[in-house]
Amino acid sequence: MDRIKLGDSELEASRIVLGCMRISEMETNALARHISTAIDCGINLFDHADIYGRGECERKFGRLLTTELNREDILIQSKCGIRQGSGKDIQYYDLSKSYIIDAVDGILERLSTEYLDLLMLHRPDALMEPEEISEAFDTLYDAGKVRHFGLSNFNATQFDFVQKYVGRKLITNQVQFGPAASHMVNSGIQANTPFDGAADRDGGLLEKSRLDNVTLQAWSPFHYGYFEGIIMDDPKFEALNEVLDDIGRSHGITKNAVAVAWILRHPATMQTIVGTTDTSRLEDIAKAGNVRLNREEWYRIYSAAGNMVP
Ligand SMILES: NC(=O)c1ccc[n+]([C@@H]2O[C@H](COP(=O)([O-])OP(=O)(O)OC[C@H]3O[C@@H](n4cnc5c(N)ncnc54)[C@H](OP(=O)(O)O)[C@@H]3O)[C@@H](O)[C@H]2O)c1
């Protein structure tokens with residue numbers, strides 16, 4: 001599988017990343033097999049967040065790191081900034097200096113590692129002070145705890161806002177993108193039309209990220225809406241499933257792999273973070289790395305997902 005440099009950094013990471021948000025329920029041996037299959041498929045980057053499984057995902061991965069894996073052979077990224085409040089069902093964001101620093105200490109302890117290759121701030125905090133973020137990043141970098149920094153779910157202006165104060169170049173932005181969550185390309189495709197899709201929801205994030213050499217990491221490639229469900233075999237996406245099947249047959253890959261190939265084909269050279277806990281599905285998905293869709297195939301998938309090509 002191809003590797004790319006993340007942003008302006010020296011980190012060389014696989015185009016497909018294994019998301020570890022769902023691994024807390026996996027049995028230890030199955031998880032060990034899953035991770036080693038990922039590595040055999042060429043995946044060398046593993047995505048975490050402190051909130052996944054309320055810390056259990058990092059803890060489980062950390063146990064493998066001390067027994068089965070060689071830390072220097074893989075890259076690990078994690079995220080912080082989403083907090084559970086003391087009140088029932090209260091979730092809030094916290095990108096204060098002290099919270100970021102404490103969160104990273106917790107992450108490193110659970111992962112049983114001395115450093116993260118990459119830390120990302122999980123979501124924009126309406127109360128964030130970029131000077132504080134900058135101080136937190138400097139403290140973590142100077143202590144050798146984090147090698148690189150990025151953001152997640154930030155729009156183009158928010159990204160610039162934080163970057164202006166952070167001395168180090170931010171290298172990634174992790175955002176939702178997939179055949180049925182294509183908002184990042186819709187406004188460009190429908191530019192200069194009166195149609196709803198022309199509305200700019202993220203400040204031209206796609207083009208801005210390319211101009212600034214920030215690597216976009218696409219999360220939840222098989223989802224539609226905001227965690228409403230997955231497209232595979234959903235009757236609401238019958239046309240899309242048929243097209244994915246058809247294109248998959250011609251390339252000898254599964255529908256899942258075609259959906260990932262659709263993301264990888266975009267010239268922004270995005271990464272795709274897949275969250276499957278099914279090891280044979282992971283092996284199938286990894287084949288997307290060997291397939292380059294042509295333009296007609298790319299637009300066929302885009303249209304079949306219900307999008308307009310004016
Ligand atoms: N930054 C953020 O805000 C953010 C938000 C969400 C996620 N993420 C990251 O992105 C990663 C991926 O997210 P995700 O797991 O939600 O996305 P995903 O890879 O799109 O979806 C995975 C889910 O879809 C199921 N699935 C996939 N193909 C299927 C098929 N053909 N038939 C039936 N079920 C199928 C999987 O089940 P199986 O396990 O059975 O395959 C799994 O439950 C996460 O692990 C996390 O690292 C980041």
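Whatever order the structure lists them in is the order used to number ligands and atoms, beginning at 1. Positions are given from 1, in the same order as the sequence printed here.
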> Among Arg22, Gln174, Met21, Arg281, which one has a heavy atom closest to atom 15 (O) of ligand 1?
Replying inline: Arg22
> Nearest heavy atom to atom 26 (N) of ligand 1: which of Ile230, Asp278, Thr276 does it belong to?
Replying inline: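 Considering heavy atoms of Ile230, Asp278, Thr276, the nearest to atom 26 (N) of ligand 1 sits in Ile230.
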Would you say the ring centroid of [X] lies under 6.0 angstrom from that of [Y]?
X	Y	value
Phe227	Trp219	yes
Trp262	Phe177	yes
Phe154	Phe159	no

Looking at [atom], what's its closest protein heavy atom, distance included?
atom	value
atom 14 (P) of ligand 1	Ser220 OG, 3.3 Å
atom 20 (O) of ligand 1	Phe222 N, 2.9 Å
atom 31 (N) of ligand 1	Asn256 OD1, 3.0 Å
atom 6 (C) of ligand 1	Trp219 CE3, 3.3 Å
atom 19 (O) of ligand 1	Gly275 N, 2.8 Å
atom 3 (O) of ligand 1	Asn153 ND2, 2.9 Å
atom 8 (N) of ligand 1	Tyr52 OH, 3.3 Å
atom 11 (C) of ligand 1	Ile273 CG2, 3.5 Å

> Can you tell which part of Thr254 has a heavy atom less than 4.0 Å from ligand 1: side chain, backbone, both or neither?
Replying inline: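 It is neither; nothing of Thr254 touches ligand 1.
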> Is Tyr92 atom OH crowded by more than 12 heavy atoms from other residues, nucleotides or ligands, each under 6.0 Å away?
Replying inline: yes
> Taking the six-membered ring of Tyr115 as reference, does the NZ or CZ atom of Arg71 fall below 6.0 Å from its centre and within a 45° cone about the axis?
Replying inline: yes
> Does NZ or CZ of Arg168 lie under 6.0 Å from the centre of the six-membered ring of Tyr141, at an angle within 45° of the ring axis?
Replying inline: yes
>> Less than 4.0 angstrom from a charged side-chain N to a carboxylate O is my criterion; do Arg59 and Glu56 meet it?
In response: yes
Ligand 1 atoms in contact with [X] (distance to a heavy atom under 4.0 Å):
X	answer
His122	1 (N), 2 (C), 3 (O)
Pro221	18 (P), 19 (O), 20 (O)
Asp47	9 (C), 46 (C), 47 (O)
Val274	12 (C), 19 (O)
Ser152	1 (N), 2 (C)
Cys20	45 (O), 47 (O)
Lys79	1 (N)

> Could you go step by step and tell me if Asp234 and Tyr224 meet the side chain to side chain donor-acceptor pair (under 3.5 Å) rule?
Replying inline: CA-CA 10 Å; Asp234 186 317; Tyr224 62 89; 3.0 Å; yes
>> Quick check on Lys255 - does any of its heavy atoms sit under 4.0 Å from an atom of ligand 1?
In response: no
> Mind checking whether Gln217 has a heavy atom under 4.0 Å from ligand 1?
Replying inline: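 Heavy atoms of Gln217 never come under 4.0 Å of ligand 1.
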> Testing Gln217, His148, Arg147, His48 for side chain to side chain donor-acceptor pair (under 3.5 Å) with Gln77, which one passes?
Replying inline: Gln217
>> Could you check whether any side-chain heavy atom of Lys79 comes within less than 4.5 Å of a side-chain heavy atom of Ile107, counting everything from C-beta outward?
In response: no
> Hey, what do you get for CD1 (Ile16) to CG (Leu264), rounding to the nearest 0.5 Å?
Replying inline: 5.5 Å
>> Let's go through Ile43 and Val17 carefully: what are the C-alpha distance in whole Å and the side-chain angles of both, what is the deciding distance for side chain to side chain contact (heavy atoms under 4.5 Å, CB included) to 0.1 Å, and is it a yes or a no?
In response: CA-CA 6 Å; Ile43 293 172; Val17 177; 5.6 Å; no
